[in-house]
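The structure under discussion appears below in the form of structure tokens.
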Amino acid sequence: MVANAIQSSVHMTTDPTYQTALQQYDRAVTHLKLPEGLVEFMKWPRRELSVNFPVKMDDGSIRVFSGYRVHHSTVLGPTKGGIRYSAHVNLDEVRALAMWMTWKCALVNLPYGGAKGGVVVEPKSLSLGELASLTRRFTSELILLIGPNVDIPAPDMGTNAQTMAWMMDTYSMTVGYSVPAVVTGKPVNIGGSLGREEATGRGTIVCMLEALRHKGITSSPKDISVVVQGFGNVGSFAAQRAYDLGFKVVAVSDVTGGYYNPHGLNIPAMREYTNRSPRRTLEGYKGDCDQITNAELLELPCDVLIPAAMEGQIRGDNASRIKAHLIVEGANGPTTPEADDILDDRGIMVVPDILANAGGVTVSYFEWVQGLQEYFWDEDEVYRRLERILVRAYESVVSTQEQYGVNLRNAAQITAINRVAQATITRGIYP
Ligand code: GLU
């Protein structure tokens with residue numbers, strides 16, 4: 001009865017991202033013979049907080065912002081997941097992203113459950129001082145929910161290492177002593193891990209290499225063209241890593257549009273340009289390339305497409321025009337279930353988000369472990385361990401794929417969900 005009540009109230013979502021996450025879950029669990037109540041329990045968020053809070057702006061006015069934090073699952077350990085600043089974020093989207101964090105952590109065997117947070121704000125429209133005030137106030141609103149053994153936030157879209165420094169400082173000031181392990185993705189000078197900033201993009205490329213190997217593609221990297229949508233926390237580092245390994249990165253994009261050169265782009269020059277530009281975008285970049293739209297970029301002829309921007313980019317209405325042979329999801333939820341079916345029919349392989357972008361949370365875990373031990377590793381050690389974890393996760397997904405005869409998305413979800421299910425059974429239902 002209770003389960004049905006939950007289902008009818010939450011199932012009504014109109015948010016396409018949450019619809020995607022729930023549909024993916026429904027598809028995966030049909031392959032697992034799990035008790036119905038357990039399937040229901042793992043589907044819905046464990047707890048959620050919505051807050052509305054005031055911030056004093058530079059001009060003296062007071063603005064009220066809305067924020068959310070969702071803990072999807074606490075079965076495998078404290079909850080983990082980023083905080084997103086975006087004008088479009090909403091509670092259902094955060095629920096979806098928290099759910100994906102649960103599967104992502106389980107898939108790479110991290111001792112965490114999934115969480116996510118968000119504030120409805122366009123961060124580029126705020127001054128640095130306003131962002132600091134907003135972050136500090138939001139952290140104090142979350143204080144009951146976060147902690148180094150409870151829930152550990154990290155950067156996501158629209159947030160970065162500086163945001164984490166403010167969160168860590170606010171939490172520490174409140175409890176009266178420094179608690180670096182309350183967040184990850186911090187600046188290195190206050191307990192961040194080497195390699196964390198580039199970890200998600202780097203991990204995406206580790207997965208791309210595994211996928212190429214599994215597809216039996218042995219061409220030299222210079223003959224393999226790569227398109228990257230997004231040039232932020234994930235895309236810029238994925239593009240850089242692909243470029244460093246000798247791949248031909250033919251197009252990248254950000255909110256200002258796409259930049260294309262079929263002979264390959266100068267990624268280091270583009271990264272330098274965004275680092276110098278006031279809004280950190282590619283707007284006005286005058287290198288050797290043509291300007292295209294984000295929609296055109298997705299449909300370019302290429303070998304590998306890395307959507308590393310946001311959700312819902314590859315959908316039923318454009319999936320049939322995708323020309324890439326391989327898609328490696330740097331973003332969370334870039335492909336809808338409808339598009340998955342079309343890509344499947346067309347034989348286009350998709351390395352799913354919970355595997356392809358798990359590098360970020362994996363190095364977050366390394367940061368947390370290093371902080372708690374107060375013993376820090378060098379960058380090579382971080383990269384070596386990251387690669388080992390991702391390759392092992394990739395192999396476990398391939399073995400599930402063979403066992404169940406499904407695509408990589410279903411295989412990754414089945415692997416992860418089953419781990420959470422078995423842990424729930426082992427722990428038992430309280431009381
Ligand atoms: N926001 C990132 C993600 O979606 C990282 C989360 C974390 O490091 O906790 O995976």
Side-chain angles (χ1 to χ4, degrees), residues 17 20-21 68-74 76-86 89 93-108 110-119 123 142 145-148 150-161 163-164 167-168 180-187 191-193 195-204 206-207 230 232-235 237-238 307-311 328-334 351-371 382 386 389-390 393 412 416:
T17 303
T20 293
Y68 312 100
R69 184 77 181 166
V70 173
H71 294 177
H72 174 262
S73 168
T74 57
L76 291 174
T79 51
K80 187 87 195 79
I83 303 261
R84 166 172 297 201
Y85 287 176
S86 153
V89 76
E93 183 187 53
V94 176
R95 287 171 170 152
L97 293 161
M99 191 179 194
W100 282 322
M101 285 308 303
T102 300
W103 314 142
K104 196 185 302 186
C105 292
L107 184 61
V108 286
L110 306 181
Y112 292 137
K116 205 77 169 200
V119 176
L142 293 187
L145 242 64
I146 61 173
V150 186
D151 175 29
I152 306 120
D156 195 74
M157 205 188 278
T159 57
N160 55 28
T163 324
M164 294 305 115
M167 290 195 84
M168 177 274 206
V182 67
V183 291
T184 60
K186 298 178 291 293
S193 176
R196 173 61 185 89
E197 241 198 322
E198 49 270 62
T200 314
R202 196 178 173 105
T204 303
V206 169
C207 290
N233 289 347
V234 183
F237 293 106
M310 53 191 298
E311 307 93 66
V328 189
E329 296 183 332
N332 291 309
V351 184
D353 46 9
I354 60 169
L355 175 60
N357 71 34
V361 73
T362 301
V363 178
S364 273
Y365 167 64
F366 296 163
E367 178 176 331
W368 186 71
V369 167
Q370 292 171 81
V382 170
L386 170 64
I389 285 183
L390 289 179

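These values consider heavy atoms only, across backbone and side chains, with no hydrogens, waters or symmetry-generated copies. Both counts, for ligands and for their atoms, begin at 1 and track the order of listing. Residue numbers run from 1 in the order of the sequence given. A quick note: this is a predicted structure, and the numbers were derived from the prediction, not measured.
The shortest distance between side-chain heavy atoms of Met157 and Val89 does not fall below 4.5 Å. Two residues are said to be in side-chain contact when any heavy atoms from C-beta on lie closer than 4.5 Å; Arg69 and Asp151 meet this criterion. Looking at heavy atoms from C-beta onward, His72 lies out of side-chain contact with Met101 at the 4.5 angstrom threshold. Contact of the Leu76 side chain with the Cys105 side chain is not registered, since no non-hydrogen atoms from C-beta on lie closer than 4.5 Å. Counting heavy atoms from C-beta on, the side chains of Ser86 and Met310 never come closer than 4.5 Å. Contact annotation: the side chain of Val206 never approaches that of Leu386 to less than 4.5 Å [non-hydrogen atoms, C-beta and beyond].
Looking at Arg84, Met164, Lys80, Lys104 and measuring to atom 10 (O) of ligand 1, the nearest heavy atom belongs to Lys104.
For Gly81, the closest heavy-atom approach to ligand 1 falls below 4.0 Å.
Close approach of ligand 1 to Lys116 is summarised as follows: ligand atoms under 4.0 Å from at least one heavy atom of the residue are 1 (N), 3 (C), 4 (O). Those atoms of ligand 1 with a heavy atom of Arg196 less than 4.0 angstrom away are 5 (C), 8 (O). For ligand 1, the atoms lying closer than 4.0 Å to a non-hydrogen atom of Met101 are 3 (C), 4 (O), 6 (C), 10 (O).
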I would like to know whether Thr159 and Asp156 meet side chain to side chain donor-acceptor pair (under 3.5 Å); could you show each step before the answer?
-> CA-CA 6 Å; Thr159 57; Asp156 195 74; over 6 Å; no
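The protein heavy atom nearest to atom 8 (O) of ligand 1 is Ser364 OG, 2.5 Å. Closest to atom 7 (C) of ligand 1 among all protein heavy atoms lies Ala154 CB, 3.3 Å.
Here Asn332 has side-chain heavy atoms under 4.0 Å from ligand 1, and that is the only part of it that gets that close.
Some N or O of Pro155 is nearer than 3.5 Å to an N or O of ligand 1, by distance alone.
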